[in-house]
Amino acid sequence: MKKLLFLFLFAVLVLPRNQAFAQAVTDEQLGLMYFNNKEFDKASALFERLFNEKPNLFNYTYLMQSLLEQNEFDKAEKVVKKQAKRFPDDSRYVVDQGFLLLRSNQANKAAKIFEQAIKDLPADQRKVIELANSFITRRENDYAIRTYLKGRQMLAPLYSFGFELSNLYEMSGNFEKMSDEYIALLETNPELLNQMQARLQNSLNNDPEGLKSEAFRMALLKSVQRKPDDILLSEMMLWLSLQIKDFDAALIQAKALDRRLGENGNRVFSLGGLSVGNGYYKTGAEAFKYVIERSDDMSLVVQSKVELLKADYEQITRSYPINYKELSNLEIRYRKTLDEAGRNPLVFPLMRNLAHLQAFHLNNSAGAISMLEELIGLTHNNRLLQAECKLELADIMLFTGEPWEATLLYSQVDKAFKNEPIGHEARFRNARLSFYIGEFNWAKAQLDVLKAATSKLIANDAMSMSLLISDNIDMDSSTVQLATFARADLLLYREKPGEALALLDSLLIAFPGHPITDDALMKKAEIQLKRGNFAEAEALYLSVIKDYGEGILGDDAQFFIAELYENHLKDSAKAMAAYQELLMKYPGSLFTVEARKRFRLLRGDMVN
């Protein structure tokens, strides 16, 4: 009996309240449904009742918006005034009164209210921010800017509202003033450097036309010219140059800072590595030469000599056709540096690079293998460098026609560094080897795992090769065409371009219209480019763009032909047109950022 009495009392006392609460929630959800369905008459009726019961911000906002959608300005005005009386210190409702006047075509009256709100603003940081945010909510950014400027006038230097103003200027598209605000912040509050760089980085990441970075660069240049001895401005100029990958400008700043601060070449050396890593080999070489000539840190000088040789190697092997006399002279420089420095850890990378040069370009695989085996013995205390040497040795084994020796070495590195970048690299090379010899299913399984690799480069390469395999295995599981392409690719890897070209030609003749055609044409273009046959390469790229431009290789062909015009045919007009075509036709391409930068450089936008 007591239990039944308790349940009865619970039902009487608790359930009605819960039901009322559930009803309130239901009404709000129903109002939102009406609003989202653009049934504003029903939404306003429901939210009016809810607002009268509970005049909170949620009910107010949806009631106001529903009334505005129906142009019921008189009703909306009553709601705003009622709310303004309840909350006289809340600037939101003052701004909304002006906003209502704007919506009802009474701009002059609205302006008076807005002006008065700014005029009455107290010297209170919180109130300044509240009023500015109220203007921003109603998209009155100009009045929000004026609010912050008034706040600065009253509260500076304690509060300058620099970040808030820079953000508003950016939202308004006034990138020049945005830049001025950032630089003023840097000059008055140098301790905010890291915070400012973080904000700017986010801003520059959303800068498809490069307008923000260009405005900031010009503002910085003016400031640096006005205050040439300001270290922080120079640091910022260097930082910006790196963000937009203008490594030539970055080198100028790094050298100036190195001389001014007596850094003994350390900053310039780091910049050299960044330049080479991003494909700016000439700039990297200049950086390393600077360190060699000026630094008295002998270990840094030796490292710079090693990196200079690497940068020069990259320049030579990317200038088509390759000048083998220059490579022979480079080998002499390698050996001279090695003799001067002796066998020590600083030159171990040089030995590895020399082995690669000998095997892949100077027809001396035996000497390369001997050097790597020696180096593997010398690096027993450095597991990472030893693994890099094993990868190089495996590459040479594959190059000389010993795939099983190569796969054994790749597997050793993969196993030893399973969840590390070099382990992922080893697995990718092993999968590529399997592709070369026709083991497509195993290769694809490994590549699909690597698509989630932490290294973006490995992930992208794995994805491309995986797609190549899946797109070119026929419905009946035939792999004849793919196997032919893979053999041609292996021949090219083994520096047998003539044989690779003949095999690709036979593939195109035997299987016209097969899905692998665009891949074969792109591979032929790569071979012709490396041979220095630029007209033939151009024709092949144009063929891919014309007949297969909608496929996955369309943007690749568009970017590579632009590079061909820029770097090899020295035709700036055609290069600009090709880069612009890529930006218009393939806005989602991985090449768009680089294409936009090169287009602007060719147009002269980024000339200091």
Side-chain angles (χ1 to χ4, degrees), residues 317-324 360-361 363 395 398-401 403 429 431-441 443-444 447 461 464-565 567-569 574 578:
T317 55
R318 281 170 169 75
S319 299
Y320 305 128
I322 293 174
N323 187 323
Y324 285 93
F360 283 88
H361 298 290
N363 198 28
D395 288 348
L398 179 58
F399 178 80
T400 56
R429 294 190 197 187
R432 183 184 61 184
L433 184 154
S434 298
F435 170 77
Y436 285 152
I437 62 177
E439 294 180 355
F440 300 121
N441 290 330
K444 189 174 185 308
L447 293 165
D461 288 345
S464 297
M465 188 169 283
S466 177
L467 282 171
L468 175 63
I469 294 170
S470 58
D471 288 352
N472 292 292
I473 294 180
D474 290 346
M475 296 289 287
D476 58 357
S477 298
S478 172
T479 60
V480 173
Q481 299 86 356
L482 186 59
T484 304
F485 178 87
R487 288 199 303 275
D489 203 11
L490 177 58
L491 285 168
L492 182 58
Y493 175 85
R494 297 180 64 191
E495 292 293 328
K496 296 181 179 180
E499 294 178 41
L501 204 54
L503 200 54
L504 290 168
D505 284 335
S506 70
L507 173 63
L508 292 169
I509 292 168
F511 304 100
H514 189 274
I516 208 166
T517 299
D518 55 343
D519 296 285
L521 291 172
M522 288 292 286
K523 190 60 65 176
K524 283 187 65 177
E526 180 185 342
I527 294 169
Q528 297 291 15
L529 181 66
K530 288 182 175 180
R531 287 180 146 190
N533 299 330
F534 302 134
E536 289 85 344
E538 178 190 17
L540 288 160
Y541 287 136
L542 288 172
S543 177
V544 174
I545 293 166
K546 178 176 177 289
D547 298 327
Y548 304 94
E550 301 304 318
I552 59 173
L553 294 178
D555 59 327
D556 295 66
Q558 188 68 51
F559 184 76
F560 293 155
I561 200 170
E563 278 196 320
L564 174 67
Y565 291 140
N567 299 326
H568 302 293
L569 296 177
K574 278 191 173 182

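Here the structure is a predicted model, which is why all the values come from computation and not from measurement.
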From [atom1] ([X]) to [atom2] ([Y]), nearest 0.5 Å:
X	Y	atom1	atom2	result
Arg432	Ile437	CZ	CD1	12.5 Å
Ile516	Phe511	CD1	CZ	10.0 Å
Phe534	Asn567	CZ	CG	9.5 Å
Tyr324	Thr317	OH	OG1	9.5 Å
Leu542	Leu564	CG	CG	9.0 Å
Leu501	Glu526	CG	CD	11.5 Å

- Taking atom types as modelled, find out whether Tyr541 and Gln558 have a side-chain donor-acceptor pair closer than 3.5 angstrom. no
Is there a side-chain contact between [X] and [Y], using heavy atoms and a 4.5 Å cut-off?
X	Y	result
Lys574	Glu538	yes
Leu553	Tyr548	no
Leu540	Met522	no
Arg531	Tyr320	no
Tyr436	Leu398	yes
Leu447	Asp461	no
Leu468	Phe435	yes

Heavy-atom closest contact ([X] atom, [Y] atom, distance):
X	Y	answer
Ile527	Ala500	CD1-CB, 3.9 Å
Phe399	Arg494	O-NE, 2.9 Å
Asp519	Pro515	OD2-O, 4.0 Å
His568	Arg318	CE1-O, 4.1 Å
Ser434	Ala443	CB-CB, 3.9 Å
Ile552	Asp556	O-OD1, 3.4 Å

Any donor and acceptor pair, going by atom type alone, linking the side chain of [X] with main-chain N or O of [Y] inside 3.5 Å?
X	Y	value
Asp489	Phe485	no
Ser470	Ser466	yes
Asn472	Leu482	no

- Message: With a sphere of 6.0 Å drawn around CG of Asp547, does it hold more than 12 non-hydrogen atoms of other residues, nucleotides or ligands?
- Response: yes
- In this structure, are over 12 heavy atoms from other groups packed under 6.0 Å from Asn363 atom CG? no
- Could you go through the side-chain contact (heavy atoms from CB on, under 4.5 Å) check for Leu503 and Leu507 one step at a time? CA-CA 6 Å; Leu503 200 54; Leu507 173 63; over 6 Å; no
- Query: So Phe360 and Tyr493, would you call those rings parallel, tilted or perpendicular, with 30° and 60° as cut-offs?
  - Reply: perpendicular
- Give the C-alpha distance, both sets of side-chain angles, the deciding distance and a yes or no for side-chain contact (heavy atoms from CB on, under 4.5 Å) between Asn441 and Lys444. CA-CA 5 Å; Asn441 290 330; Lys444 189 174 185 308; 5.9 Å; no
- I would like to know whether Leu508 and Lys524 meet side-chain contact (heavy atoms from CB on, under 4.5 Å); could you show each step before the answer? CA-CA 11 Å; Leu508 292 169; Lys524 283 187 65 177; 3.8 Å; yes
